[in-house]
Amino acid sequence: MAEMDTMTQPLLTVEDLKMYFPVYGGVMRRRVAQVYAVDGVSFTIPAGRTLGLVGESGCGKTTVGRTILRLYRPTSGRVSFDGHNIMTLDRGALQELRRDMQIIFQDPFESLNGRHTIQEILEEPFRIHGIGSSADRQKRVPQLLERVGLSRNTLTRFPHEFSGGQRQRIGIARAIALEPRLVVCDEPVSALDVSIQSQIINLLLELQRGMGLSYLFIAHDLAVVKHISDRIAVMYLGRIVEYADAATLYACPRHPYTRALIAAIPVPDPDARKDQPVLAGDVPSPMNPPSGCHFRTRCPYAVERCRNETPGLRPVPNGPDEQHLAACHRLEEIGAS
Amino acid sequence: MNDVILNVENLTTAFDTEEGQLRAVDDVSFFLRKGRNLGIVGESGCGKSVTALSIMRLLPKPAGNILSGKIDFKGTEIISLPAGDMHAIRGNQIAMIFQEPMTALNPVHTIGRQVGEIFSLHFPEMNDSDIRKASLEMLKKVGIPEPLKRMTEYPHQISGGMRQRVMIAMALACRPDILIADEPTTALDVTIQAQILNLIRDLQAETGMSVIFITHDLGVIAELCDEVVVMYAGQVVETAPIRELFHNPRHPYTRGLLTSIPTLDSAHKKPLKVIHGVVPSLDDLPAGCRFENRCPHAREICSTAPPPLVDINPNHAAGCYFAKDLTPWKPVNTGSGDNNG
């Protein structure tokens with residue numbers, strides 16, 4: 001799989017992306033601090049592939065998704081989509097490009113206008129981008145709905161009449177309406193019941209095969225991410241700490257944080273109960289991250305060097321994935337198992 | 001049976017709504033043994049939380065009411081207990097923690113005051129210095145770092161995991177016989193979830209309390225519980241000891257739940273097994289089995305009358321006409337490690 005990735009031209013390339021949010025305080029509302037939400041993140045997504053972005057709350061994964069769509073203007077860095085530098089586009093060009101880049105949100109209820117019928121919600125992308133005549137849309141919207149597994153006689157209904165899973169299908173229908181090339185999926189199944197989660201995952205997989213979509217799949221559930229992703233980036237406090245193909249990341253995780261994250265997943269098998277020590281402590285505040293390696297305050301392997309020097313992502317030697325990267329000073333000492 | 005500390009029999013709880021009276025919990029029975037950990041698993045709306053609130057007698061009034069059934073706690077029938085007597089049991093002997101500790105904590109009082117309040121309410125004879133000492137001890141016990149400093153802080157100043165620890169400290173302050181934990185780790189990150197599960201396990205070993213653990217996550221159930229009750233659309237569909245449930249599930253819904261979760265062993269990018277369709281609405285329940293519209297094994301009889309709970313063995317029952325006829329269970333989405341039992 002690694003070979004195929006190198007042969008495919010990346011659709012999206014993100015280089016050293018930084019997004020700091022200012023914090024204002026005091027009587028004068030002056031800038032008193034900043035939140036280092038995304039602190040130097042780089043990755044690529046080839047056409048038709050899925051990159052999974054995992055991490056715990058506050059690690060910056062959602063901000064990455066929104067920044068590459070330029071819903072936020074980043075502090076610095078470079079994002080190029082199909083050869084265009086998104087960071088320098090003017091309004092018109094950006095709107096044009098947004099046809100190709102869409103987003104699915106975690107809570108489909110909050111992201112659908114409750115006063116609009118499904119017909120109106122799904123027509124909106126066509127209207128905004130001036131695509132097709134009114135008669136044209138009347139034909140395409142029902143097709144779209146059937147594509148995501150909903151019946152066309154639900155067109156006149158309102159979002160509140162649907163269950164969570166059905167609403168997420170509507171959110172997906174809206175995202176794929178203009179046949180985009182990249183869809184950012186921000187925790188698309190986290191709010192759904194398990195029996196509905198698998199239906200939505202299957203739908204996303206099927207749409208990817210049918211339409212050649214690329215996904216940036218953002219989630220905290222590692223089992224879900226592993227199932228749907230080709231490559232996975234693990235984030236901790238604004239930085240990517242490990243980056244590998246899905247199978248390698250789970251079979252041979254090298255960063256202590258990735259290992260802790262995998263070990264913490266409850267396994268649905270009573271014979272697999274674990275007695276290993278769990279990761280102690282809380283994630284530090286992204287307003288005041290630890291010096292050096294951000295993970296050092298919770299890391300069982302931390303040494304003096306981890307406090308003084310920020311570890312960069314570097315290749316993991318002798319692994320099954322040649323492009324396996326991890327950011328840890330002590331990779332070699334910690335070893336492979 | 002004399003180690004049964006809580007026995008719920010034919011509990012039916014309903015809510016008055018604009019659509020009429022809806023039975024959120026319908027004829028539910030199970031029991032909890034002393035020192036054991038009972039898991040109640042199901043998806044949203046299955047009635048698992050309403051079951052817990054019924055036991056606590058904390059149903060939202062006036063809409064929620066227990067229509068029938070018996071809840072026996074150490075020989076006392078608590079459904080008919082006067083409010084004052086129930087007040088003495090609640091918190092003291094049966095305590096509960098919730099999914100979102102922020103809404104259960106008072107934002108304008110310090111942590112120390114809120115933990116202290118439990119002691120002053122339940123042990124009026126304690127003086128301020130005793131209460132302070134006991135509160136500090138409790139916070140230490142649930143693993144809160146710098147407990148002295150935390151005592152003076154407010155809920156918003158601490159993390160979600162720490163808030164859940166404070167809730168546990170408050171729930172356990174009176175050394176209850178039963179702790180009811182309603183999705184206590186759902187809002188937490190996995191590494192923090194693992195800490196809280198360990199904490200509950202350690203405290204249980206130390207105090208010998210019984211736990212009812214309510215969750216939608218079968219992984220958490222497998223980590224923590226001794227017995228499991230599976231609920232669907234207000235009813236118990238299967239009840240079994242933990243290993244029996246995972247190795248020999250006898251209800252098609254339980255099987256569906258077990259196969260629809262992706263695990264780390266799932267075949268990459270292959271379609272997952274799914275339970276098709278959606279849960280029937282409580283105001284439009286079918287005459288027969290409530291799972292019939294989604295069930296791959298459904299036959300004619302399933303739509304005629306509700307299936308009885310069929311005993312598979314003395315500890316294992318499933319509410320399905322074909323509970324005994326289903327094929328031997330083979331886990332589908334999980335690959336390795338299933339033959340080491």
Side-chain angles (χ1 to χ4, degrees), chain A residues 1 50 55-59 163-166 191-203 205-206 208-209 220-230 246-247 250-251 257 260-283 285 298, chain B residues 42-45 143 145 158-162 185 188-195 197-198 216-225 242-243 245-247 253 256-279 294 331 333-334 337-338 340-341:
Chain A
M1 192 159 289
T50 302
E56 299 183 283
S57 34
C59 74
S163 68
Q166 289 170 323
L192 305 176
D193 274 320
V194 279
S195 73
I196 307 299
Q197 276 190 15
S198 47
Q199 295 178 3
I200 298 295
I201 292 168
N202 284 355
L203 175 64
L205 286 170
E206 182 196 311
Q208 177 166 54
R209 272 196 306 273
H220 67 279
D221 184 328
L222 289 96
V224 168
V225 171
K226 185 201 170 206
H227 188 80
I228 202 165
S229 306
D230 296 293
Y250 287 89
Y257 178 63
L261 215 48
I262 292 172
I265 308 172
V267 182
D269 179 354
D271 294 326
R273 279 191 193 178
K274 294 166 293 208
D275 271 329
Q276 52 208 343
V278 301
L279 198 58
D282 268 324
V283 184
S285 161
R298 303 174 79 192
Chain B
E43 299 179 282
S44 28
I158 61 176
S159 69
M162 282 303 143
T185 59
L188 304 175
D189 285 316
V190 281
T191 60
I192 309 299
Q193 165 169 287
Q195 294 173 4
L197 295 183
N198 270 7
H216 66 279
D217 188 336
L218 280 165
V220 173
I221 291 276
E223 289 272 324
L224 206 65
C225 298
I242 182 79
R243 300 194 54 233
L245 188 92
F246 282 85
H247 295 313
Y253 175 64
L257 276 185
L258 284 169
T259 46
S260 63
I261 26 177
T263 68
L264 294 179
D265 300 322
S266 309
H268 186 231
K269 283 202 150 185
K270 292 284 177 314
L272 293 164
K273 288 241 171 190
V274 301
I275 304 175
H276 292 283
V278 291
V279 190
R294 307 176 74 184
N333 282 345
T334 55
D338 52 3
N340 54 353

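- B:I158 CD1 to A:D282 CG: the interatomic distance, rounded to the nearest 0.5 Å, is 9.5 Å.
- Annotation: maximal heavy-atom pairing with chain B below 4.5 Å, among A:S57, A:P270, A:A223, occurs at A:P270.
- The distance from atom CG of B:L257 to atom OG of A:S198, rounded to the nearest 0.5 Å, is 9.5 Å.
- Looking only at distances, a side-chain donor or acceptor of A:Q199 sits under 3.5 Å from a matching main-chain atom of B:G277.
- Scanning all heavy atoms of the two residues, the minimum distance from B:R294 to A:S195 falls at NH2-OG, 3.1 Å.
- With a threshold of 4.5 angstrom between heavy atoms, B:L224 approaches chain A through N, CA, C or O but not through any side-chain atom.
- Put simply, of B:G143, B:G256, B:A194, the one with the most heavy-atom pairs under 4.5 Å next to chain A is B:A194.
- Using modelled atom types, no side-chain atom of B:Q193 and backbone atom of A:A264 make a donor-acceptor pair closer than 3.5 Å.
- A:D230 is listed as a side-chain neighbour of B:K269, based on a closest heavy-atom distance under 4.5 Å.
- Residue A:P266 forms a side chain to side chain contact (heavy atoms under 4.5 Å, CB included) with just one option from B:V220, B:I221, B:L218, and that option is B:V220.
- Going from atom CD of A:Q197 over to atom CD1 of B:I275 covers 11.5 Å, rounded to the nearest 0.5 Å.
- B:E43 touches chain A through backbone and side chain together, each having a heavy atom under 4.5 Å away.
- Contact of A:D193 with chain B is made through backbone and side chain together, with heavy-atom distances under 4.5 Å.
- Residues B:V278 and A:S163 come closest through the heavy atom pair CG1-OG, 4.3 Å.
- The OG1 atom of B:T191 sits 4.0 Å away from atom CZ of A:R298, with the distance rounded to the nearest 0.5 Å.
- Interface check for chain A: of the options B:G161, B:C225, B:P145, the most heavy-atom pairs under 4.5 Å are formed by B:C225.
- Between the CG atom in A:N202 and the NZ atom in B:K273 there is a gap of 11.5 Å [rounded to 0.5 Å].
- Both the backbone and the side chain of A:L261 come within less than 4.5 Å of a heavy atom in chain B.
- Proximity to chain B (any heavy atom under 4.5 Å) is restricted, for A:S229, to the backbone atoms N, CA, C and O.
- In this structure, A:D269 and B:H247 have side chains that are in contact, with non-hydrogen atoms separated by less than 4.5 Å.
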Candidate pair A:V267 and B:T263, rule side-chain contact (heavy atoms from CB on, under 4.5 Å), full reasoning: CA-CA 8 Å; A:V267 182; B:T263 68; over 6 Å; no
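- Checking side-chain atoms of A:H227 against main-chain N and O of B:P271 turns up no donor-acceptor pair under 3.5 Å.
- Heavy atoms closer than 4.5 Å to chain B are found nowhere in A:E206, neither backbone nor side chain.
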